[in-house]
Chemist: 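Would you mind keeping the following structure in view while I ask a few things?
Protein chains get the first letters and strands the later ones, always in sequence-line order, with residue 1 at the start of each. Given the structure is predicted, the values throughout are model-derived calculations rather than measurements.
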Amino acid sequence: MSADDFIVTPWHVEGDIDYDKLIKQFGTEKISSELLERIKGITGQDHFMLRRGIFFSHRELNIILDEYEKGNKFFLYTGRGPSGHTHIGHLVPWMFAKWLQEKFDVNMYFQLTDDEKFYSKPNLTLEDTKKFAYENALDFIALGFNPEKTKIIINTRNIQTLYPIAAQVAKKINFSNTKATFGFTNETNLGMIFYTSLQSAPCFIEDKPVLIPLGVDQDPHFRLTRDIAPKIGKQKPALIHNIMIPSLEGPGGKMSASDEKSTIYTTDSPAEVKKKINKHAFSGGQLDIEQHRKLGGNPDIDVSYQYLRIFFEPNDDKLKTIYEDYKSGKLLSGELKAILIEKINAFLAIHQENREKAKNQIDQFLFENK
RNA sequence: GGGUUCGUAGCCUAGCCUGGUAGGGCGAUGGUCUCCAAAACCAUCGAUCGUCGGUUCAAAUCCGAUCGGGCCCA
C-alpha cells in the first residue's frame, strides 16, 4: 500500500485517510464555511467539532436546515454496535448529537444493534451483546440527553416496532446491493444479510426528516437507505459525518473496542488512563530533548494533541497555545501527555459519576413498543 | 438428506502421507534507547494439538465415534 492509499468501509478502516479524497470517493459534500455560518446563525453557537472539522462532511444537511427554518422539525438518530465496552472514540458523535438535540430541541433515537454484533462476532453470544448494549446505554445517557425527547432502541427488545418498517425496507434491497455495499460472500450468515434493513428502520420511525451524526465509515449503510427511501414514500435521511478517531498507537486506523491497549475506556481509572497514555500514545516528538527543542514536535501526527483537538480541549485559545508550544519545541511530548491525562481524567470523573446515576434513569430512556 | 473440507498458543500457520508428547510469523510482556511514544535490537511468557474412545512400548500424526465451522449438491 503506498503512502496515500487508504481504505474506509463499515467493516475495515486502514491507512492515512485523505478526507478530501474520501468525500469525492463517497460522493458526500464537504461542510462549507457557508454551511457553518448558517448553523451558527440558527444555533447561536458553532460547536468546536464543526469549527475544527471533526465533523467534516454531510449529505443533505442543508435540506434539514431549510425545513427547520420553515418550522418543520427533524429528529436525530445514531447508534452503536454493542460488541464491547464504550471507549472515548464512541463519545464523539454522541456528544455532538447531544449538542444538536439541545440547540434544535429535537427528538433523538439511539439504536443498539445487539443482534448484528451477535451475527458478526463469532465469539459473542446474544447474552454478551445484550450486556454490552446495557453498558453502552449507560455511557450514552451519562452525556446528558433529555429523557423527555430521547429513546434508546435495543433491536432484540424492540423488534416488534422495527420489524414492519424493516420489512418495507427489505423488500426494496436485493442481494447484489448488499453484497456490493458490505462485501458479503457465500460465508456470510443470513442475519447479516437482512440486518441492514433493521439499521434503516429507525430512520422512518417518525414521519419527519431525520439527521444522522455518525462516523464516516458507516456511511455506506445509509447510502442504501437513501436509495430506497423514495421507493417506500419516505424522505432520504440526512447525514453528518465525523472523521475516524485515531487509536492510541497512532495514525492510520481507528480506535478499536477490542484492542485493550490502544483504547481508553469510559470506565478506566485515573491510573489506567495515565499508564495507557504514557506507555502507548504515539507521539510527534523528536528523538531526544535536544532535537525536540531545536526542531519542535509535530502536533498533526501526535495522538495526544489530536485527542485534545477532537474532544478534550474545547477552548480554541488554549489549544492554539499547546499547538504552537509543541511545534516550537517549547512543550515536550511528556508534558503534552500530562496535559491530556489531566483532561481525560477530569472528564471521566464526571462521566463516571453520571454513568452511575444513569443506572437509575435507564428505564425512562428505553423505547417501549406501542 | 448426500458430498466435501477444516478444527494446533489471543490471531495466522508448519508438522499429519513415512507414529517417538510441537516449529514459525503476528501479537503480548519485560529490557536497552527516548522527555514520552514509535522504530530498532535483546529477552520472556504463552498450546493438555476440538472432544471421547481404540490400536501401539509410544499418537497432533493411524482407526472409530462425536461436537463445531466452511463450501457444493438436493
Chemist: If you measure from the C1' atom in B:C11 to the same atom in B:A58, how many Å do you get, rounded?
Modeler: 32 Å

Chemist: Only one of A:Y68, A:W99, A:F75 forms a ring-ring contact (aromatic ring centres under 6.0 Å, His included) with A:F104, so which one is it?
Modeler: A:Y68

Chemist: Using a 3.5 Å limit for the pairing distances, which stems of at least 3 consecutive Watson-Crick or G-U wobble pairs does RNA chain B take part in?
Modeler: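 Listed by first number, the stems are B:1-7 with B:67-73, B:10-13 with B:23-26, B:28-32 with B:40-44, B:50-54 with B:62-66.
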
Chemist: Give, for atom CD1 of A:I31 and atom CD1 of A:I54, the distance between the pair rounded to the nearest 0.5 Å.
Modeler: 11.0 Å

Chemist: Near RNA chain B, under 4.0 Å by heavy atom, which residues of residues 122-129 of chain A?
Modeler: none

Chemist: Mind checking side chain to side chain donor-acceptor pair (under 3.5 Å) for A:K359 and listing every partner two or more places apart, or none if nothing turns up?
Modeler: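 By the side chain to side chain donor-acceptor pair (under 3.5 Å) rule, A:K359 matches A:E356.
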
Chemist: Determine, stepwise, if the pair A:N155 / A:D114 fulfils side chain to side chain donor-acceptor pair (under 3.5 Å).
Modeler: CA-CA 6 Å; A:N155 281 1; A:D114 56 343; 5.0 Å; no

Chemist: Rounding to the closest angstrom, what is the interatomic distance between B:C26 and B:U44 at atom P?
Modeler: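 Per the computed distance, 16 Å lies between those P atoms.
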
Chemist: List every contact pair, protein side and nucleotides 40-42 of chain B side both N or O, where the distance is under 3.5 Å.
Modeler:
none

Chemist: What's the gap between B:C57 and B:U21 when it is taken at their C1' atoms, as a whole Å value?
Modeler: 14 Å

Chemist: Could you list the residues that satisfy salt bridge (charged side-chain N to carboxylate O under 4.0 Å, His left out) with A:D46, not counting sequence neighbours?
Modeler: A:R51

Chemist: Which nucleotides of nucleotides 32-37 of chain B have their base under 4.0 Å from a protein heavy atom (B), which only their sugar-phosphate (S), and which neither (-), written as one string 5' to 3'?
Modeler: --SBBB

Chemist: For A:E102, what residues pass the salt bridge (charged side-chain N to carboxylate O under 4.0 Å, His left out) criterion, not counting sequence neighbours?
Modeler: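 By the salt bridge (charged side-chain N to carboxylate O under 4.0 Å, His left out) rule, A:E102 matches A:K98.
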
Chemist: If I pick the P atom on B:U29 and the same atom on B:G15, what distance separates them, to the nearest angstrom?
Modeler: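 Pairwise P distance, B:G15 against B:U29, rounds to 31 Å.
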
Chemist: With rounding to the closest Å, how many angstrom separate the C1' atoms on B:C52 and B:C12?
Modeler: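 Nearest-Å result for B:C52 against B:C12 at atom C1': 28 Å.
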
Chemist: Could you work out the separation of B:A9 and B:A47 based on their C1' atoms and round it to a whole Å?
Modeler: 5 Å

Chemist: Identify the pairs formed between an N or O of the protein and an N or O of nucleotides 45-49 of chain B at a distance under 3.5 Å, and give each distance.
Modeler:
none

Chemist: Restricting to ring-ring contact (aromatic ring centres under 6.0 Å, His included), what partner residues turn up for A:F194, sequence neighbours left out?
Modeler: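 By the ring-ring contact (aromatic ring centres under 6.0 Å, His included) rule, A:F194 matches no residue at all.
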
Chemist: If we ignore hydrogens and angles and just use 3.5 Å, is the side chain of A:R157 paired with the main-chain N or O of A:N369 as donor and acceptor?
Modeler: no

Chemist: Who pairs with A:E342 by salt bridge (charged side-chain N to carboxylate O under 4.0 Å, His left out), at least two apart in sequence or on another chain?
Modeler: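 Here no residue qualifies.
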
Chemist: Quote, to the nearest angstrom, the C1' distance that separates B:G31 from B:G50.
Modeler: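 These two C1' atoms come out 38 Å apart once rounded.
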
Chemist: Rounded to whole angstrom units, what separation is found between the CE atom of A:M192 and the P atom of B:G70?
Modeler: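 Computing the A:M192:CE to B:G70:P distance gives 13 Å.
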
Chemist: Report the residues that fulfil side chain to side chain donor-acceptor pair (under 3.5 Å) with A:E34, sequence neighbours left out, ordered by chain and then residue number.
Modeler: A:S32

Chemist: Applying side chain to side chain donor-acceptor pair (under 3.5 Å), name anything that partners A:S283, two or more places apart in sequence or on another chain.
Modeler: none

Chemist: Around atom NZ of A:K73, are there more than 12 heavy atoms of other residues, nucleotides or ligands at under 6.0 Å?
Modeler: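 Yes - once you tally the heavy atoms of other residues, nucleotides and ligands closer than 6.0 Å, there are more than 12.
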
Chemist: Mind checking whether A:F55 and A:H47 have ring centres under 6.0 Å apart?
Modeler: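 They do not qualify: ring centres at least 6.0 Å apart.
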
Chemist: Apply ring pair (Phe, Tyr, Trp, His ring centres under 6.0 Å) to A:H90 and A:F140, showing your working.
Modeler: CA-CA 9 Å; A:H90 294 126; A:F140 177 79; over 10 Å; no

Chemist: How about A:W94 and A:F145: are their ring centres within less than 6.0 Å of each other?
Modeler: no

Chemist: Is A:R223 close enough and on-axis enough to A:F26, meaning under 6.0 Å and within 45°, for cation-pi?
Modeler: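 Satisfied, under 6.0 Å and within 45°.
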
Chemist: B:C62 and B:U18: how far apart are their C1' atoms, nearest whole angstrom?
Modeler: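 About 12 Å, rounded to a whole number of Å.
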
